[in-house]
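One structure below.
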Amino acid sequence: MAENNMAEGNSEIKKKSNFIHAQIDEDLKNGKNRKRVHTRFPPEPNGYLHIGHAKSICLNFGIAEKYGGKCNLRFDDTNPSKEDTEYVDSIMEDVHWLGFDWDDRLFYASDYFEKLHQFAIQLIKEGKAYVDDQDAETISKQKGTPTRPGEISPFRNRTIEENMQLFAQMTAGEFDEGSHVLRAKVDMALPNMHMRDPIIYRIMKARHHRTGDKWCVYPMYDFAHGQSDYWEGITHSICTLEFEVHRPLYDWLVDQLKVDDYRPRQIEFARLNLTYTVMSKRKLLELVKDGHVNGWDDPRMPTITGLRRRGYTPESIKNFSDRIGVTKVDGMIDVSLLEYSVREHLNKTAQRVMGVINPLKVVITNYPEDKSEELEAINNPEDTEMGVRQVPFSRELYIERDDFMEEPPRKFFRLSPGREVRLRYAYFVTCNDVIKDENGEVTELHCTYDPASKGGNSPDGRKVKATLHWVSAKHAIKSEVRLYDRLFNDEDPAGHKDVDFKEFMNPESLKVLPECYLEPFVKDSKPLDHFQFERLGYFNLDYDSTPEKPVFNRTVQLRDSWAKEKNKG
RNA sequence: UGUCCUGUGGUGUAACUGGCAACACGUCUGACUCUGGAUCAGAAGAGUCCAGGUUCGAGCCCUGGCAGGACAACCA
């Protein structure tokens, strides 16, 4: 193990194997599926991608990479009433951002509408599909329940000619929505509900985002997915657990295509659940629509675009995805694992900078009024190649309010009256006076510095217990900082029967600090640039920034053992 | 009173054709440190849903239970 790390370097986290890899290995060994591997990522363009999709993307594209195969991007756009090009665009952007590419293999289920329609006609001609004139409620009732078999539709035994005629009329738009459907003739008595003469085409007089008004009948998911896989030469069609019961229908339909012995294989895995958030598109859409968050890219959202804006990196998401593994066990992953993954990546890569988000003015009384100097600071102690920078120092500074306590408790070893601490990369300072306003609120500290400790070390070998970050008041860049906390206070907000998930929303999930001071280095940063504000956490520049007022998002805090100690009481 | 799937530390994942249950996160110590970060060293924590059985030996095999999830959209 140790050798492995040495050999590969620790930037390369060893890819874990999973049960799907094992099944592919077996298929390859047995010579099934032409000894090749071809997967696909098939989102419906009806919302933005979230971290759960990222798991699927990493899995599918990851398998292609591992086996020297291919992975397609395919939009499952068979329901025009919910889909939109806005979503298509965002999905492509997100997949690319994660670092995956489908080359020229971009497909849409709607590419196959014509073929699918032909196939439906084939089934009718073979006596394997029929038009049902009953309404949704009646059909549903006849379908039975999981424990009771279904009844046969009175329209099940229409002649082929009649079915051909009716389906043609459906296609031509002669019927109203909901008045007729095309059903596959399978078996109403089977225990699997999906096999009880499933509906394969329905009338929808909706404009499709790609085919416009060309069609007024659209195939159902079950009637499109397996066939699309088949036509694209997909060998392993990986989807989530809830499609397990669809597999017999998937196989049945592909069997009807019977051109050769090649057969795509559906394999199901457990979708990702994360603590303190919700992951269904419906719920995320609700949060957006009802204004509980500021859009799909709100940094509190588990969407890819939200995580990106929050400051997550593709690497951190991929490492996270690899760490959680792939199984058929429905579980709940602790967000702390996600947070660990960003910290791990940003620790190695993020530019260090000093920033004070809760400012307290400090005056160095023995430092000349008009003097200022430049002090050298390390850009990233984890990566010396990132070099050093100069940080301006002067008589008036800001430090973090939390770094001062007038009456320090045990184990608090930051600044307090009479105590000496180090200002990072600068000097040792000692607090002499505490200035307060009429309410007794501390407004300013008067300190003295030791000129001999320049750079942060005292020639007499004197030690201090704490090192504080600081910013020179007159050089500081004033900016807004947004702090984020979990969107929900409950580990599983969607997991309560009879209680709406929104009941568990955390009212303090967003905290805006309008007056923060950052060292001048951040001046030229671009949106999404990552920084570590020393001792505070990782932050990145938000799109909302203007040249006059930069806005930073806190991605995640640094691990903080003092905060833990403090909370112990 | 159906079919299918799943049960391994707090969480997630491992354990080759049976061989002392391993790793990561989290938690807790300690060392080091110009970030109470990082790093390093260490600890606690499961006897693998239950009960039988086969075996020298079972998380892995057999039998029977139990628990949880999915399935009754003209959603995907």
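Heavy-atom basis, side chains included; hydrogens, waters and symmetry copies ignored. By convention in this document, chain letters (A, B, ...) are assigned in the order of the sequence lines, proteins followed by strands, and residues within each chain are numbered from 1.
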Interatomic distance, A/Phe19 CZ vs B/C16 C1' [rounded to whole Å]: 19 Å
Where the side chain of A/Lys564 is concerned, which of B/G2, B/A24, B/C28 is the nearest nucleotide? B/C28
For a quick check of understanding: with a heavy-atom distance under 4.0 Å over all strands, which category does A/Gln532 fall into, base, sugar-phosphate or nothing? base
Could you give the distance separating B/C49 and B/U13 at their P atoms, to the nearest angstrom? 14 Å
Figure out the CG/C1' separation between A/Asn273 and B/G69, and round it to whole Å. 11 Å
Taking the basic N atoms (NZ, or NE/NH1/NH2) and the acidic carboxylate oxygens, is any pair closer than 4.0 Å for A/Glu339 and A/Arg559? no
Have a look at A/Thr327 and say if it touches a base, only the backbone sugar-phosphate, or nothing, with a 4.0 Å heavy-atom cut-off. sugar-phosphate
Per-residue pairing states of RNA chain B in dot-bracket (Watson-Crick or G-U under 3.5 Å; . unpaired, | other strand) read .((((((..((((.....[..)))).(((((.......))))).....(((((..]....))))))))))).....
Students often get this wrong, so: under 4.0 angstrom with heavy atoms, is A/Ile324 touching a base, only sugar-phosphate, or nothing? sugar-phosphate
Suppose you measure atom C1' in B/C4 against the same atom in B/C20; what distance do you get, rounded to whole Å? 37 Å
Can you say whether a donor on the side chain of A/Arg148 sits under 3.5 Å from an acceptor on the base of B/G2, or the other way round? no
How many whole angstroms separate atom OH of A/Tyr425 from atom C1' of B/U33? 12 Å
Need one value for A/Arg414: base, sugar-phosphate or nothing, where a base atom within 4.0 Å counts as base even if backbone is also close, heavy atoms only. base
Output all residues satisfying side chain to side chain contact (heavy atoms under 4.5 Å, CB included) with A/Val245, sequence neighbours left out; order by chain, then residue number. A/Asn192, A/His194
Does anything in residues 194-209 of chain A pair up under salt bridge (charged side-chain N to carboxylate O under 4.0 Å, His left out), and if so which pairs, sequence neighbours excluded? A/Arg156-A/Asp197, A/Arg207-A/Asp213
Looking at residues at least two apart in the chain, or sitting in another chain, which of them share a ring pair (Phe, Tyr, Trp, His ring centres under 6.0 Å) with A/Tyr221? A/His225, A/Phe243
Return yes if the base of B/U35 and the side-chain atoms of A/Arg352 contain a donor-acceptor N/O pair under 3.5 Å, otherwise no. yes
Check this for me: does any side-chain nitrogen of one of A/Arg271 and A/Asp330 sit under 4.0 Å from a carboxylate oxygen of the other? no
From the options A/Gln532, A/Glu385, A/Arg352, select the one residue that forms a side chain to side chain donor-acceptor pair (under 3.5 Å) with A/Asn380. A/Arg352
Just how far, in rounded Å, is C1' of B/G26 from CG of A/Leu338? 14 Å
With a 4.0 Å cut-off on heavy atoms, is A/Lys281 in touch with a base, just the backbone sugar-phosphate, or nothing at all? nothing
Taking the six-membered ring for Trp, are A/Trp562 and A/Phe412 parallel (under 30°), tilted (30 to 60°) or perpendicular (over 60°)? perpendicular
Atom P, compared across B/U48 and B/C61: separation rounded to whole Å: 15 Å
For nucleotides 38-46 of chain B, print each protein N/O atom paired with a nucleotide N/O atom at under 3.5 Å, atom names and distance only.
residue	atom	partner	partner atom	Å
B/A38	OP1	A/Arg559	NH1	3.3
B/A38	OP2	A/Arg559	NH1	3.4
B/A38	O2'	A/Asn347	ND2	3.2
B/A38	O2'	A/Glu382	OE1	3.3
B/A38	O2'	A/Glu382	OE2	3.0

Distance between C1' atoms of B/G9 and B/U27 (Å, rounded): 12 Å
Non-neighbouring partners of A/Thr85 that pass side-chain hydrogen bond (donor to acceptor under 3.5 Å, both in side chains), sequence neighbours left out: none
Could you tell me which residues satisfy side-chain hydrogen bond (donor to acceptor under 3.5 Å, both in side chains) with A/Gln169, sequence neighbours excluded, listed by chain and number? A/Gln165, A/Glu174
All ring pair (Phe, Tyr, Trp, His ring centres under 6.0 Å) counterparts of A/Tyr250, not counting sequence neighbours: none
First of A/Ala466 and A/Ser336 reached from the 5' end of RNA chain B, by closest nucleotide: A/Ser336
Aromatic ring pairing A/Phe167/A/His117, orientation class (parallel under 30°, perpendicular over 60°, tilted between): parallel
With sequence neighbours left out, the residues meeting side-chain hydrogen bond (donor to acceptor under 3.5 Å, both in side chains) with A/Arg554 are none
Please list, chain by chain and in numerical order, all residues satisfying side-chain hydrogen bond (donor to acceptor under 3.5 Å, both in side chains) with A/Thr555, sequence neighbours excluded. none
With a 4.0 Å cutoff (strictly under), does any side-chain N or O of A/Thr147 reach OP1 or OP2 of B/U3? no
What do you reckon, are the aromatic ring centroids of A/Phe393 and A/Tyr427 less than 6.0 Å apart? yes
Please write out each protein N/O paired with an N/O of nucleotides 5-8 of chain B under 3.5 Å, distance rounded to 0.1 Å.
residue	atom	partner	partner atom	Å
B/C5	O2'	A/Glu244	OE2	3.3

Sugar-phosphate means primed atoms, P, OP1 and OP2; the rest is base. With that split, encode nucleotides 71-76 of chain B 5' to 3' as B, S or - using protein heavy atoms under 4.0 Å. SBSBSB
Ring-ring centroid check A/Tyr87 A/Phe75, cutoff 6.0 Å: no
To the nearest angstrom, the CG-C1' distance between A/Asp334 and B/U27 comes to 12 Å
Centroid-to-centroid, A/Phe539 to A/Phe552, below 6.0 Å? no
Rounded off to whole Å, could you give me the CZ-to-C1' distance for the A/Arg422 and B/G36 pair? 13 Å
Nearest-Å distance, CG (A/Asn567) to P (B/C28)? 11 Å
Using the C1' atom as the point on both nucleotides, what is the distance between B/G59 and B/A22, in whole Å? 13 Å
Nearest to the A/Phe412 side chain among B/U35, B/G36, B/U13, which nucleotide is it? B/G36
Indicate syn or anti for B/G47, taking the glycosidic torsion and treating anything within 90° of 0 as syn. syn
Could you check whether A/Tyr538 gets within reach of a base, just the sugar-phosphate, or nothing at all, counting any heavy atom under 4.0 Å? nothing
Which value, in whole Å, describes the distance between the C1' atoms of nucleotides B/G18 and B/U39? 41 Å
What interatomic distance, in whole Å, is found between C1' of B/A43 and the corresponding atom of B/G26? 14 Å
Assigned glycosidic conformation for B/A73 [threshold 90° from 0]: syn
Using atom C1' of each nucleotide, how far apart are B/A46 and B/C23 to the nearest Å? 14 Å
Identified salt bridge (Lys or Arg N to Asp or Glu O under 4.0 Å) counterpart of A/Lys454 within the set A/Glu376, A/Glu374, A/Glu373: A/Glu373
